[in-house]
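Below is one structure, written out as structure tokens; comments come after it.
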Amino acid sequence: MTDATIRELSRHVGETVRLRGWVENKRSSGKIAFLQIRDGSGVVQAVVSRAEVDDASWEAVAAASQESTVHVVGAVKEDRRAPGGVELVTESLGVDAVSEEYPITPKEHGVAFLMEHRHLWLRSSRQRAALKVRSEAVRAIRDYFHDREFVLIDSPILTPAACEGTSTLFETDYFGEPAFLSQSGQLYLEPAAAAFGKVFCFGPTFRAEKSKTRRHLMEFWMVEPEVAFLEFDGLCELAEDFLTRVVARVLDRCAEDLKVLERDTSALEKVVGPFPRITYTEAIEALREKGVDIEWGDDFGADEETQLASLHDRPLMITRFPASMKAFYMEPDAEDPKLALGLDVIAPEGYGEIIGGSQRIHDPELLERRIREHELPAEAFQWYLDIRRYGTFPHSGFGMGLERFVAWMSGLAHLRETIPYPRMLYRIYP
RNA sequence: UCCUCGGUAGCUCAGUGGUAGAGCGGUCGGCUGUUAACCGAUUGGUCGGGGGUUCGAAUCCCUCCCGAGGAGCCA
């Protein structure tokens with residue numbers, strides 16, 4: 001008896017195989033029954049005819065409630081009517097574990113209910129597809145950097161102080177000292193750039209902001225490359241090349257999942273370079289021409305962001321922001337010191353900012369001054385200043401939020417479906 | 001934190017001052033090609049909690065709790 005997975009069933013046509021899995025759904029017409037079996041690799045229909053199985057198997061059909069664990073032995077048969085092209089003509093069937101009444105029925109459910117049952121919701125086809133897109137996106141991102149000789153530098157999750165000091169941090173106790181969950185690996189990555197040249201980190205980050213929107217999670221994953229001797233134009237090129245290739249890879253490897261998600265992939269196929277690039281100042285002008293009430297120096301709201309992005313079918317790169325609205329470590333524009341060499345990449349179709357990056361200040365005195373101006377605790381940043389004291393070098397990097405990227409790829413409106421167990425404002429169960 | 005909407009059966013919802021309902025699910029029965037199968041029967045309720053108005057409250061008022069959507073902030 002050959003054990004098989006559903007994904008590879010088409011290679012076993014004509015053979016008798018054994019499957020183990022769960023009953024997704026069941027339909028019965030008295031003397032014939034149809035069981036949709038899921039084994040993790042796919043879903044296949046097992047056909048059970050009363051006349052062709054023994055009594056025990058026929059009783060098992062009756063006992064096999066939704067999500068019961070079963071094993072089926074049957075002949076793999078091509079059938080045009082079956083999704084996937086094959087079905088299993090059952091020879092024998094056994095229930096390994098009867099499922100209690102399963103909460104998630106084939107009908108519609110509300111978000112609150114589904115989130116309460118996230119551990120079970122993961123079994124649903126759309127959730128499986130979205131999380132497979134996530135899995136493949138992670139792989140594509142890692143491959144992208146490894147293929148280009150970036151070194152993975154895991155930044156710490158427990159940190160002694162705010163990296164940027166602006167957002168709220170989750171505080172915890174570190175043997176009597178306050179410690180904080182990291183909200184960015186960047187500051188720890190910059191020193192590593194002097195050791196390895198090209199580095200990246202990819203891990204969870206934590207923001208205690210009380211954000212309650214579809215674009216925010218308290219715990220999310222961020223990939224952050226940092227490159228020595230990379231200046232601002234090079235940073236923009238890196239971001240563009242990175243996005244282009246990772247999008248293409250997901251399109252290539254997740255075709256089935258994107259189909260399940262009903263994603264219009266033609267929109268993603270347009271994601272090729274060069275991306276449109278405008279400066280912050282040009283963006284403000286464009287918005288004002290459209291009648292938006294916004295002044296130079298204002299930050300873009302979600303609406304403005306979407307308006308700007310909707311002018312293009314590719315990711316929009318916005319550059320050179322007023323230094324006052326950006327982080328303390330951003331290198332000033334040599335041509336206009338009021339501006340910072342920052343880069344935001346806005347995804348099309350309203351998915352918002354997916355990348356934020358900048359060239360970093362490498363002059364020790366300027367960096368020290370900025371730390372004072374931002375009223376940051378100088379003691380806490382001595383190690384960060386060391387990078388400028390001991391052989392300073394221009395360098396740049398960016399961060400991309402994995403969940404926003406996956407939401408964009410998958411066409412999902414809400415980040416909560418792009419991560420297995422979302423941590424949201426006032427929701428940490430399950 | 002603010003604004004808006006919501007909480008009625010296991011789930012999705014209808015019921016807006018006068019006997020708590022439907023569909024799905026569950027259970028029982030029927031059906032040999034079903035595709036959210038179908039058909040019949042049946043099961044199922046502290047109407048989010050507390051207080052108030054009223055002869056009478058799921059319905060009106062107050063309050064608290066919980067959820068959803070959005071804003072701000074950001075990835």
Side-chain angles (χ1 to χ4, degrees), chain A residues 24-36 43-53 58 61-62 65-67 77 79-84 87 89 99-117 120-121 124-125 164 166-169 183-186 202 204-224 239 298-306 325-327 343-347 351-357 398-408 413-416 418-419 424-427 429:
Chain A
E24 279 209 338
N25 205 357
K26 179 172 70 174
R27 303 181 197 92
S28 166
S29 302
K31 299 291 189 293
I32 187 168
F34 306 90
L35 278 71
Q36 272 62 47
V43 178
V44 75
Q45 174 162 275
V47 184
V48 191
S49 297
R50 177 63 191 98
E52 291 169 31
V53 297
W58 189 248
V61 169
S65 53
Q66 188 189 357
E67 291 301 325
K77 191 184 120 196
D79 193 310
R80 191 165 300 177
R81 291 167 293 191
E87 60 181 23
V89 181
S99 170
E100 293 178 26
E101 192 178 329
Y102 191 65
I104 302 177
T105 65
K107 288 281 178 179
E108 285 169 29
H109 297 281
V111 174
F113 177 80
L114 290 169
M115 286 309 310
E116 201 68 22
H117 297 84
L120 301 177
W121 193 20
S124 306
S125 59
E164 302 183 24
T166 51
S167 309
T168 326
L169 293 157
Q183 59 174 0
S184 165
Q186 179 206 320
F202 196 176
T205 50
F206 307 87
R207 305 272 167 99
E209 293 149 3
K210 292 197 171 176
S211 304
K212 188 174 165 49
T213 85
R214 64 178 76 182
R215 292 186 307 279
H216 290 89
L217 296 170
M218 305 300 106
E219 177 183 313
F220 66 97
W221 283 60
M222 187 155 67
V223 57
E224 295 172 277
D298 291 346
D299 214 337
F300 307 122
D303 262 8
E304 286 84 50
E305 213 173 75
T306 304
M325 59 185 260
K326 286 290 182 184
L343 162 73
D344 282 2
V345 181
I346 316 294
Y351 286 94
E353 185 182 339
I354 50 169
I355 281 181
F398 66 78
M400 184 179 81
L402 175 66
E403 288 75 14
R404 286 190 183 175
F405 178 79
V406 174
W408 173 39
H414 205 301
L415 291 196
R416 65 188 160 213
T418 65
I419 186 167
M424 297 184 294
L425 191 58
Y426 309 132
R427 162 150 264 139
Y429 176 92

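Here is how names work: the chains are called A, B, and so on, in the same order as the sequence lines, proteins then strands, and each is numbered from 1. Note: hydrogens, waters and symmetry copies are ignored here, and every other heavy atom, side chains too, is used. Note that this is a predicted model, so its numbers are computed, not measured.
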Using the [atom1] atom in both, what is the distance from [N] to [M], to the nearest Å?
| N | M | atom1 | value |
| --- | --- | --- | --- |
| G18(B) | C60(B) | P | 11 Å |
| G26(B) | G7(B) | C1' | 24 Å |
| G44(B) | U27(B) | P | 15 Å |
| G6(B) | G48(B) | C1' | 11 Å |
| A22(B) | A9(B) | C1' | 11 Å |
| U46(B) | A41(B) | P | 26 Å |
| G67(B) | G29(B) | P | 42 Å |
| C62(B) | A68(B) | P | 25 Å |

Salt bridge check: are E403(A) and R215(A) linked by an N-O gap of less than 4.0 Å?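 No, no charged N to carboxylate O under 4.0 Å.
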
Regarding K326(A) and D299(A), does a basic nitrogen lie under 4.0 Å from an acidic carboxylate oxygen?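 Between D299(A) and K326(A) there is no salt bridge, as every charged N stays at least 4.0 Å from the carboxylate O atoms.
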
State whether a side-chain donor-acceptor pair under 3.5 Å links [X] with [Y].
| X | Y | answer |
| --- | --- | --- |
| S184(A) | E224(A) | yes |
| Q45(A) | Q36(A) | yes |
| H414(A) | T418(A) | no |

Is any N or O donor-acceptor pair between the side chain of [X] and the base of [N] shorter than 3.5 Å?
| X | N | result |
| --- | --- | --- |
| H109(A) | C11(B) | no |
| S211(A) | C73(B) | yes |
| Q66(A) | G26(B) | no |
| R404(A) | C74(B) | yes |

Touch check for [X], heavy atoms < 4.0 angstrom, all strands: base, sugar-phosphate only, or nothing?
| X | answer |
| --- | --- |
| I355(A) | sugar-phosphate |
| D299(A) | sugar-phosphate |
| H414(A) | sugar-phosphate |
| T205(A) | nothing |
| E403(A) | nothing |
| E219(A) | nothing |
| A302(A) | sugar-phosphate |
| F113(A) | sugar-phosphate |
| Y426(A) | sugar-phosphate |
| G301(A) | sugar-phosphate |
| R416(A) | sugar-phosphate |

[X] [atom1] to [N] [atom2], straight-line distance once rounded to whole Å:
| X | N | atom1 | atom2 | value |
| --- | --- | --- | --- | --- |
| F300(A) | C73(B) | CZ | C1' | 15 Å |
| L114(A) | A68(B) | CG | C1' | 13 Å |
| M218(A) | C74(B) | CE | C1' | 10 Å |
| R215(A) | G69(B) | CZ | P | 12 Å |
| E116(A) | U12(B) | CD | C1' | 17 Å |
| E101(A) | G25(B) | CD | C1' | 6 Å |
| M115(A) | C11(B) | CE | P | 16 Å |
| K212(A) | C3(B) | NZ | C1' | 12 Å |

Pair partner, [N] [Watson-Crick or wobble, under 3.5 Å]:
| N | answer |
| --- | --- |
| U4(B) | A68(B) |
| G56(B) | none |
| C38(B) | G30(B) |

Tell me if U16(B) is syn or anti. Syn = glycosidic torsion within 90° of 0, anti otherwise.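 You should classify U16(B) as syn.
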
For F34(A) and for R427(A), find the nucleotide of RNA chain B with the closest heavy atom, then tell me which residue's nucleotide is more 5'.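 Nearest nucleotide further toward 5': that of F34(A).
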
Heavy-atom nearest nucleotide on RNA chain B for G110(A) versus W221(A): which residue maps closer to 5'?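 On the 5' side of the pair lies G110(A).
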
Tell me if a side-chain donor or acceptor on Y102(A) pairs with a main-chain N or O of L120(A) at a distance below 3.5 Å.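 Checked: pair present.
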
Going by salt bridge (charged side-chain N to carboxylate O under 4.0 Å, His left out), name the residues that satisfy it together with E101(A), two or more places apart in sequence or in a different chain.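 For E101(A) there are no salt bridge (charged side-chain N to carboxylate O under 4.0 Å, His left out) partners, ignoring immediate neighbours.
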
Compare side-chain N and O positions of K26(A) against OP1 and OP2 of U34(B) and report whether any pair is under 4.0 Å apart.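 No, K26(A) has no side-chain N/O under 4.0 Å of OP1/OP2 on U34(B).
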
Distance below 4.0 Å between R27(A) side-chain N/O and U32(B) OP1 or OP2: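 No, no such contact exists.
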
Can you tell which of G33(B), C24(B), A36(B) lies closest to the side chain of N25(A)?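 Nearest nucleotide to the side chain: A36(B).
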
Please examine the side chains of I104(A) and W121(A), heavy atoms only from C-beta on, and report whether any two atoms are closer than 4.5 Å.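 A side-chain contact under 4.5 Å exists here.
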
